[in-house]
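In what follows, every chain begins at residue 1, and chains take the letters A, B, ... in the order their sequences are listed.
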Amino acid sequence: MPRNATQSAIGAHLLAERIIDWYDVNARDLPWRGVDVDPWAVMVSEFMLQQTPVNRVLPVFEAWMVKWPAPADLAAESVGEAVRMWGKLGYPRRALRLHAAAGAIVADHGGVVPRDVDDLKALPGVGDYTAAAIASFAYGQRIAVVDTNVRRVVHRAVLGAAEAGQSTTKADFALTDSLLPSTPQRAARMSIGLMELGALLCTATNPVCERCPLRTDCAWVAAGRPAYDGKPKRVQKFAGTDRQVRGLLMDVLRDNERAVTKADLDVVWQDADQRERALDGLLRDGLAVIDENGLFALPD
DNA sequence: AAGCCGTGGCA
DNA sequence: TTGCCAAGGCT
């Protein structure tokens with residue numbers, strides 16, 4: 001049974017203070033942060049940041065918010081334009097889900113991003129993490145926001161392990177929750193601080209412990225920074241997979257304002273079977289459509 | 001619940 | 001070069 005926060009060498013109260021103080025000085029100035037955050041901006045950024053680095057998100061986010069400053073603006077747009085604007089962020093199904101979520105916000109929530117966690121989780125593309133992130137960062141609620149950064153920081157600082165497990169567990173959520181201050185405002189501050197710490201210092205490779213506000217009390221540092229001893233994390237292949245082919249096909253569709261021929265798509269990949277499978281997948285997912293002339297395009 | 005779903009930077 | 005990694009969600 002892992003020690004909880006109150007039994008740790010460093011108490012939850014001090015941990016929160018160290019992290020919040022560090023964040024106040026070291027936080028990056030990102031466009032989806034600020035005193036008067038727009039919940040829609042938080043939501044858009046969270047969708048884009050799913051498995052995608054900040055630096056690649058920044059320019060797309062800026063263009064997106066200029067074009068669609070409110071959920072209703074996106075909902076009124078064709079989903080294909082959302083996919084085109086998504087560009088090469090990757091995982092373009094996120095653009096479909098964000099567009100659908102905007103429609104649901106208009107239909108069910110008066111065009112305002114809901115603040116209730118269950119309402120948020122009911123939106124397409126919003127899971128445990130994203131719902132908590134919006135509830136905390138946009139609305140200042142006290143809820144554990146558990147992403148890969150937070151899991152890593154907590155596992156190191158509190159549990160003394162090099163990395164978290166492969167997936168987020170209820171124990172991860174419970175432990176993170178136990179570390180949060182009682183007041184919603186400080187809890188939200190600590191949540192974003194935990195994430196920032198994991199992103200800037202307590203990184204997966206080459207963590208910068210010397211500059212970490214928790215270094216004197218970190219269980220992992222105290223243990224001599226032992227190596228990860230959990231199950232090996234399998235990294236997915238990309239080269240040669242259907243995902244790569246789908247990406248190449250989407251490239252063609254995005255780069256052409258007008259519908260393209262099958263031949264235009266066929267040039268991107270040699271293996272016909274895999275090509276067909278990838279294209280079928282895109283059609284099934286709604287990322288591509290066939291028109292009445294048998295031409296291929298982004299969805300309407 | 002294990003596998004699928006993009007993309008590109010970096011060591 | 002190849003593998004690892006990046007604010008997950010869905011089935």
Side-chain angles (χ1 to χ4, degrees), chain A residues 23 27-28 30-33 41-61 83 86-98 100-101 120-138 144-154 162-170 172-173 176 188 191-200 202-207 228 231-254 268 274 277-278 280-282 284-288:
Chain A
Y23 180 80
R28 290 168 292 178
L30 300 172
W32 47 84
R33 291 179 179 168
V42 173
M43 179 168 163
V44 170
S45 74
E46 291 303 338
F47 269 71
M48 292 182 173
L49 287 164
Q50 290 169 3
Q51 299 287 285
T52 308
V54 167
N55 287 339
R56 212 176 316 154
V57 164
L58 282 170
V60 182
F61 172 84
V83 172
W86 196 259
K88 304 202 71 167
L89 277 186
Y91 294 141
R93 292 188 296 181
R94 291 181 293 167
L96 299 181
R97 293 171 186 152
L98 182 51
L120 287 166
K121 283 188 65 176
L123 298 172
V126 178
D128 288 326
Y129 163 75
T130 301
I134 295 170
S136 177
F137 305 154
V145 182
V146 185
D147 78 325
T148 185
N149 289 308
V150 171
R151 295 204 304 135
R152 187 172 55 247
V153 172
V154 168
E163 301 289 340
Q166 303 173 84
S167 54
T168 303
T169 64
K170 290 178 180 177
D172 292 340
F173 186 88
T176 305
S191 291
I192 190 65
L194 275 170
M195 288 185 58
E196 194 77 338
L197 191 58
L200 298 184
C202 194
T203 49
T205 58
N206 303 320
Y228 178 68
K231 294 178 183 173
K233 303 180 179 183
R234 31 189 165 308
V235 292
Q236 298 175 21
K237 299 293 182 192
F238 177 69
T241 64
D242 289 2
R243 274 192 304 157
Q244 182 183 17
V245 184
R246 285 167 60 105
L248 294 171
L249 293 171
M250 288 304 296
D251 253 342
V252 175
L253 298 180
R254 273 195 307 266
V268 305
Q274 190 174 19
R277 189 169 64 241
D280 285 347
L282 293 177
R284 173 169 36 80
D285 290 343
L287 283 166

query = Can you check whether A/W32 reaches A/L49 side chain to side chain, under 4.5 Å on heavy atoms?
reply = yes

5' precedence on DNA chain B between A/N206 and A/M250 (nearest-nucleotide basis) = A/M250

task = For A/R94 and A/T52, test the side chains for any donor-to-acceptor distance below 3.5 angstrom and give the result as yes or no.
result = yes

query = For the base of B/dG6, is there a side-chain donor-acceptor partner from A/R243 under 3.5 Å away?
reply = yes

key: Atom P, compared across B/dG3 and C/dA7: separation rounded to whole Å   = 23 Å

message = Without decimals, in angstroms, what is the distance between A/L282 CG and B/dG6 P?
response = 7 Å

message = Using a heavy-atom cut-off of 4.0 Å across all strands, would you classify A/R254 as base, sugar-phosphate, or nothing?
response = sugar-phosphate

ask   = To the nearest angstrom, how far is A/L58 atom CG from C/dA7 atom C1'?
value = 12 Å

task = Please report, rounded to the nearest Å, how far the P atom of C/dG9 is from the OH atom of A/Y91.
result = 12 Å

inquiry  = Over all strands shown, is A/G90 touching base, sugar-phosphate only, or nothing at heavy-atom distances under 4.0 angstrom?
reply    = base

Residues A/Y129 and A/E46: side-chain donor-acceptor under 3.5 angstrom = yes

task = Calculate the interatomic distance between A/Q51 atom CD and C/dC5 atom P; express it in whole Å.
result = 12 Å

Passing candidate, salt bridge (Lys or Arg N to Asp or Glu O under 4.0 Å) with A/R246, options A/D251, A/D285, A/D280 = A/D285

ask   = Below 3.5 Å, does any donor atom in the side chain of A/T52 face an acceptor in the base of B/dG6, or the other way round?
value = yes

query = With sugar-phosphate meaning primed atoms plus P, OP1 and OP2, does A/D128 contact a base, only sugar-phosphate, or nothing at under 4.0 Å between heavy atoms?
reply = sugar-phosphate

Interatomic distance at P, B/dG6 relative to C/dT11, whole Å = 14 Å

request  = Could you tell me whether A/W32 contacts a base, only the sugar-phosphate backbone, or nothing, with contacts defined as non-hydrogen atoms closer than 4.0 Å?
outcome  = base

query = How many Å lie between OH on A/Y129 and P on C/dC10, as a whole number?
reply = 14 Å

message = By the 4.0 Å heavy-atom rule, please label A/T203 as base, sugar-phosphate, or nothing.
response = nothing

task = Mind calculating the distance between NZ (A/K231) and P (B/dA2) to the nearest angstrom?
result = 7 Å

message = Taking only side-chain N and O atoms of A/Q50, does any of them lie within less than 4.0 angstrom of OP1 or OP2 on C/dG8?
response = no

query = When the nearest nucleotide of DNA chain C is assigned to A/G125 and to A/L49 on a heavy-atom basis, which residue is associated with the more 5' position?
reply = A/L49

inquiry  = Taking only side-chain N and O atoms of A/K233, does any of them lie within less than 4.0 angstrom of OP1 or OP2 on C/dC4?
reply    = no

remark   = note: A/R94, atom CZ; B/dT7, atom P; distance rounded to Å ~ 10 Å

query = Counting any heavy atom closer than 4.0 Å, what does A/F47 reach on the DNA or RNA strands: base, sugar-phosphate only, or nothing?
reply = nothing

ask   = Taking the side chain of A/L287 as heavy atoms from C-beta outward, which of B/dG6, C/dG9, C/dA7 is closest to it?
value = B/dG6

message = Between A/R151 and A/E163, is the side chain to side chain contact (heavy atoms under 4.5 Å, CB included) condition met? List the steps.
response = CA-CA 8 Å; A/R151 295 204 304 135; A/E163 301 289 340; over 6 Å; no

key: Heavy-atom side-chain proximity of A/V83 to A/M250 below 4.5 angstrom   = yes

Shortest side-chain distance from A/K237, nucleotide among C/dA6, C/dA7, C/dG3 = C/dG3

ask   = Below 3.5 Å, does any donor atom in the side chain of A/Q236 face an acceptor in the base of B/dC5, or the other way round?
value = yes

A/R234, nearest nucleotide to its side chain (from B/dA2, C/dC5, B/dG6) = B/dA2

request  = For A/I192, answer base if it contacts any base atom (sugar-phosphate contacts may also be present), sugar-phosphate if it contacts only those atoms, and nothing otherwise; contact means non-hydrogen atoms under 4.0 Å.
outcome  = nothing

inquiry  = Under 4.0 Å, counting only non-hydrogen atoms across every strand here, what does A/A133 touch: a base, just sugar-phosphate, or nothing?
reply    = nothing

query = Can you check the A/R97 CZ to B/dC5 P distance for me, whole Å?
reply = 12 Å

ask   = Would you say A/R152 reaches C/dA6's phosphate, i.e. side-chain N/O to OP1/OP2 under 4.0 Å?
value = yes

ask   = Do A/R56 and B/dT7 have a side chain to base donor-acceptor pair shorter than 3.5 Å?
value = yes

message = Taking the side chain as everything from C-beta on, heavy atoms only, tell me whether A/I192 gets closer than 4.5 Å to A/F137.
response = yes

request  = Assign A/T148 to base, sugar-phosphate, or nothing according to its heavy-atom contacts below 4.0 angstrom with the strands shown.
outcome  = sugar-phosphate

